[in-house]
Amino acid sequence: MSSDRISNIVILTGAGISAESGLATFRGADGLWEGHRVEDVATPDAYRRDPALVHAFYDARRARLGSVEPNAAHEALARLDTEWPGDLLLVTQNVDDLHERAGSKRLLHMHGELTKGWCLACDERFDWAGPMGEGASCPSCAAVGRVRPDIVWFGEMPYDMERIDEALRRCDLFVSIGTSGAVYPAAGFVQTARYCGARALEMNLEPSLGSYMFDESRTGRAGELVPAWVDEILRQA
Ligand code: OAD
């Protein structure tokens, strides 16, 4: 894809970009997410019904971050962030911290972060390391048992939507990496960007559900496709 007149780039990433680091994607062949149905661990209802199960699930995922590293795709996007002279916004659906550990700065976590907690008593959000569990106490107001993972669950509003929408409307190039296109609003970003005149490129292991909406679709592993694309676009910058 040529970089003619490209100044503003918006990049959307999903679980596929972290797969080569060893983190499971969501929509495996068995339809389960690390052995659980999504409704049992990733909805406000699930949390009300069985907070211990939901905490155990996210505590395990937070612990797992300690044994994985950013891969070549995260590193290439961090390099692009440093070297790209125009506007750039990386929007990730991922709750892992691999983009920031690779060095990306112009980054939004639209579905929240495993490394943050949210106190339902005082509404503060804060960094969180280690297990949270049901009895966690809030570092801000000291309330006990009111801290939940700062993760956007199904039925909740993703973060930073206004800022993302504004960037999509202004971008010249929209790039989607490692996402199945099954979850809205992220799955609709390509439509907004294209409607407002951007070109759109997808990189995924297989064509996503919304593949037909992109100008170009590259299939393969993010760890190979993304560094090659970053080289290509920086060469033309
Ligand atoms: P999915 O698991 O739905 O999709 C991951 C995509 O990555 C699939 O299309 C895979 O083919 C592709 N993939 C796998 N390995 C890859 C690799 N090495 N290189 C490139 N692509 C690869 O994950 P998401 O689309 O991120 O939401 O899921 C979106 C949201 O659904 C998540 O953020 C989460 C989930 O429920 C919340 O938790 C709110």
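Any value given below was found using the heavy atoms of this structure, including those in side chains, with hydrogens, waters and symmetry copies removed. All values derive from a computational prediction rather than experimental measurement. Atoms within a ligand are numbered from 1 in the order they appear, just like the ligands themselves.
- When heavy-atom distances to ligand 1 are checked against a 4.0 Å cut-off, Val152 comes that close only through its backbone atoms N, CA, C and O.
- Residues Cys171 and Val10 come closest through the heavy atom pair CB-CG2, 3.7 Å.
- On a distance-only criterion, Ala15 and ligand 1 share at least one N/O pair closer than 3.5 Å.
- Within ligand 1, counting atoms from 1 as listed, the ones closer than 4.0 Å to a heavy atom of Gly14 are 26 (O).
- A salt bridge is absent between Arg199 and Asp172; no separation between the charged side-chain nitrogens and carboxylate oxygens falls under 4.0 Å.
- Nearest heavy-atom pair, Arg49 versus Asp40, reported as atom, atom and distance to 0.1 Å: NH2-OD1, 3.8 Å.
- Between Arg221 and ligand 1, no N or O atom pair is found at a separation short of 3.5 Å.
- Put simply, the side chain of Asp96 never gets that close to the backbone of Ser18: no donor and acceptor are under 3.5 Å apart.
- Contacts of Val183 with ligand 1, taken as heavy-atom pairs under 4.0 Å, involve the side chain alone.
- Listed by number with element, the atoms of ligand 1 under 4.0 angstrom from any heavy atom of Ala19 are 15 (N).
- Summarising the contacts of atom 20 (C) of ligand 1 with Ala42, Ala222, Ser180, Gly223, the nearest heavy atom is found in Ala222.
- Arg235 and Asp231 are not joined by a salt bridge, as no carboxylate oxygen comes within less than 4.0 angstrom of a charged side-chain nitrogen.
- For Glu20, every heavy-atom contact with ligand 1 shorter than 4.0 Å involves the side chain, none the backbone.
- Looking at residues two or more places apart in sequence or on another chain, you find a side-chain contact (heavy atoms from CB on, under 4.5 Å) between Glu20 and Asn71, Arg221, Ala222.
- The distance criterion of under 3.5 Å between nitrogen or oxygen atoms is met by Asn204 with respect to ligand 1.
- A salt bridge links Glu232 and Arg218; the closest N-O separation between the charged side-chain nitrogens and carboxylate oxygens is under 4.0 Å.
- A salt bridge links Arg148 to Glu156: one of the charged nitrogens lies within less than 4.0 Å of a carboxylate oxygen.
- Considering backbone and side-chain atoms alike, Ile151 places every N or O at 3.5 Å or more from each N or O of ligand 1.
- Near Gly220, meaning under 4.0 Å from one of its heavy atoms, ligand 1 places the atoms 19 (N), 20 (C).
- Evaluation of the side-chain contact (heavy atoms from CB on, under 4.5 Å) rule for Arg125 yields Trp118, Asp123, Asp150, Tyr159 as partners, not counting sequence neighbours.
- The side chain of Phe154, and not its backbone, has at least one atom closer than 4.0 Å to an atom of ligand 1 (non-hydrogen atoms only; side chain from C-beta on).
- Salt bridge absent: Glu75 and Arg79 never bring a charged side-chain N and a carboxylate O closer than 4.0 Å.
- Listed by atom number, the atoms of ligand 1 under 4.0 Å from Glu206 heavy atoms are 8 (C), 9 (O), 10 (C), 11 (O).
- Residue Leu205 has at least one nitrogen or oxygen atom sitting less than 3.5 Å from a nitrogen or oxygen atom of ligand 1, judged on distance alone.
- Near Gly178, meaning under 4.0 Å from any of its heavy atoms, are these atoms of ligand 1: 5 (C), 6 (C), 7 (O), 21 (N).
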